[in-house]
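Along the sequence shown, residues carry numbers from 1.
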Amino acid sequence: GNFAPALYRIGSLYNTQGRTNKDVFIENLNAAIAADPKFAPAYEDLYYHYLTEVRDFNKAESFGQLYVTNSDPSVENDYVLAQTAFVKKEYQKAIDIGSKIVQQTNSNPKPRVWRLLSYSHLGLKDTAKACEYSNTFFTKASEDQLLAQDFLHHAAVCSKGNPAVFRQDITKALALDKEPAHQITMLNDAIKEARAQGQRGLEAWLMLTSQQLRGPQARPADLFYIGTLLYYNDDFATSDSVLTAYITAFPDTLQGYYWRGLTRSRIDTTMAQGLAIPDFEKTMQLAEADKVRFKSQAVQSAQVL
């Protein structure tokens with residue numbers, strides 16, 4: 001009844017059974033500490049419980065200190081203190097502790113330290129340093145240590161002005177987290193970021209990927225916006241296929257035919273194939289319904305024809 005490892009293991013078993021058993025989990029951890037006040041694993045689990053689930057950062061910090069005090073001496077143990085400082089938004093303190101760990105491990109700490117340093121520098125809005133440490137993290141971490149969020153973070157701090165890096169990071173994040181709901185959330189966040197940076201081609205690619213993932217739940221109306229984004233990004237072949245899908249969903253849409261006509265004009269620039277002719281003829285036909293509203297589209301179509 002007073003053997004701390006057994007009490008701790010019982011608590012761990014209850015912890016695997018979800019939120020309804022958290023009280024029994026905590027009860028057994030406290031019993032393990034009562035049996036052996038120096039039993040570090042119980043302090044560590046209590047630390048993460050209050051840090052990530054209860055989000056009582058002060059209580060988490062106190063258990064983190066107890067974990068460090070009662071663990072075998074190692075500078076790596078200070079990571080929990082840096083982590084607590086980070087969640088409390090004490091970014092410089094987190095950086096100071098992380099830098100100390102790097103120094104005392106001859107620049108070879110566990111990869112999580114580089115990850116924390118990157119996030120902490122981002123907290124201070126130093127994206128250059130955040131990118132540097134994010135790149136270091138990827139050189140140190142093994143494949144099984146990588147999370148989808150690591151690539152999203154790298155995209156946020158290292159891809160400004162470089163849509164190829166952004167696209168590559170999002171692709172890797174999607175490959176790591178295959179839960180559809182998570183993927184859609186990731187893409188929505190990435191779309192906002194691309195839009196804020198004015199990266200039209202990247203925004204279109206992300207939206208198209210989201211459309212494909214959502215399948216029947218996707219909004220066909222979004223295809224028009226995606227098609228025009230691709231047009232402005234000079235990706236005329238993809239724009240043509242996207243606008244064709246839009247026309248299939250909305251066969252009486254003047255704008256769909258008009259913009260596909262513009263796109264095909266950029267594909268068939270000498271008009272040798274006459275690719276755009278049917279679309280501009282259809283545009284003029286549909287414009288008859290509202291000559292005021294669609295005057296400019298009808299006039300341009302007539303000029304081309």
Polar side chain donor-acceptor pair, [X] to [Y], under 3.5 angstrom:
X      : Y      : value
Ser210 : Arg214 : yes
Tyr48  : Glu53  : no
Glu203 : Tyr225 : yes
His153 : Ser134 : no
Gln83  : Tyr47  : yes
Ser159 : Asn162 : no
Ser142 : Gln145 : yes

What pairs meet the ring pair (Phe, Tyr, Trp, His ring centres under 6.0 Å) rule with one or both residues in residues 14-46, with sequence neighbours excluded?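 Every ring pair (Phe, Tyr, Trp, His ring centres under 6.0 Å) pair that includes a residue of residues 14-46, provided the two are not neighbours, is Tyr8-Phe39.
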Strictly by ring pair (Phe, Tyr, Trp, His ring centres under 6.0 Å), give each pair with a member in residues 154-196 just once, sequence neighbours left out.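 Qualifying pairs: Phe138-His154.
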Would you please test Ser99 and Asp96 for side chain to side chain donor-acceptor pair (under 3.5 Å) and show each step? CA-CA 5 Å; Ser99 299; Asp96 292 342; 5.6 Å; no
Closer than 4.0 angstrom, basic N to acidic O: yes or no for Glu61 and Lys93?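 Here Glu61 pairs with Lys93 in a salt bridge, since their nearest N and O are under 4.0 Å apart.
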I'd like to know if Asp222 pairs up with Arg219 as an ion pair, taking the criterion as any Lys NZ or Arg NE/NH1/NH2 lying under 4.0 Å from an Asp or Glu carboxylate oxygen.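 So Asp222 pairs with Arg219 through a salt bridge.
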Is Arg55 close enough and on-axis enough to Tyr50, meaning under 6.0 Å and within 45°, for cation-pi?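 The answer is no, since Arg55 fails at least one limit relative to Tyr50.
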Would you kindly confirm whether [X] and [Y] end up in one hydrophobic cluster when ILVMFWY residues are joined by side chain heavy atoms under 4.5 Å apart?
X      : Y      : value
Leu229 : Tyr232 : yes
Met186 : Leu176 : no
Val102 : Leu122 : no

Under a 4.5 Å cut-off applied to non-hydrogen side-chain atoms, are [X] and [Y] in contact?
X      : Y      : result
Ile170 : Trp205 : yes
Ile226 : Leu243 : no
Trp259 : Asp279 : no
Leu51  : Asp56  : no

By ring-ring contact (aromatic ring centres under 6.0 Å, His included) - contacts of Trp114 (at least two apart):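 Listed in chain order: Tyr133.
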More than 12 foreign heavy atoms under 6.0 Å from [atom1] of [X]: is that the case here?
X      : atom1 : value
Lys160 : NZ    : no
Lys38  : NZ    : no
Asn2   : CG    : no
Gln92  : CD    : yes

Minimum heavy-atom distance [X]-[Y], with the two atoms named:
X      : Y      : answer
Gly98  : Ala82  : N-CB, 4.4 Å
Asp240 : Thr244 : O-OG1, 2.8 Å
Asp268 : Gly274 : OD2-N, 2.8 Å

Could you go step by step and tell me if Glu281 and Tyr257 meet the side chain to side chain donor-acceptor pair (under 3.5 Å) rule? CA-CA 9 Å; Glu281 288 178 339; Tyr257 290 105; over 6 Å; no
OG1 on Thr228 to CZ on Arg200, rounded to 0.5 Å: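 OG1 of Thr228 is found 8.0 Å from CZ of Arg200.
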Would you confirm whether the ring centroid of Phe63 sits within less than 6.0 angstrom of the ring centroid of Tyr67?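 Tyr67 vs Phe63: aromatic centres not under 6.0 Å.
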Is a side-chain N or O of Thr253 found less than 3.5 angstrom from the main chain of Phe250, in a donor-acceptor match?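 No, the answer is negative, given that no donor and acceptor are paired below the 3.5 Å cut-off.
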Any donor-acceptor N/O pair, Ser239 side chain to Gly227 backbone, under 3.5 Å: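 At least one qualifying donor-acceptor pair exists.
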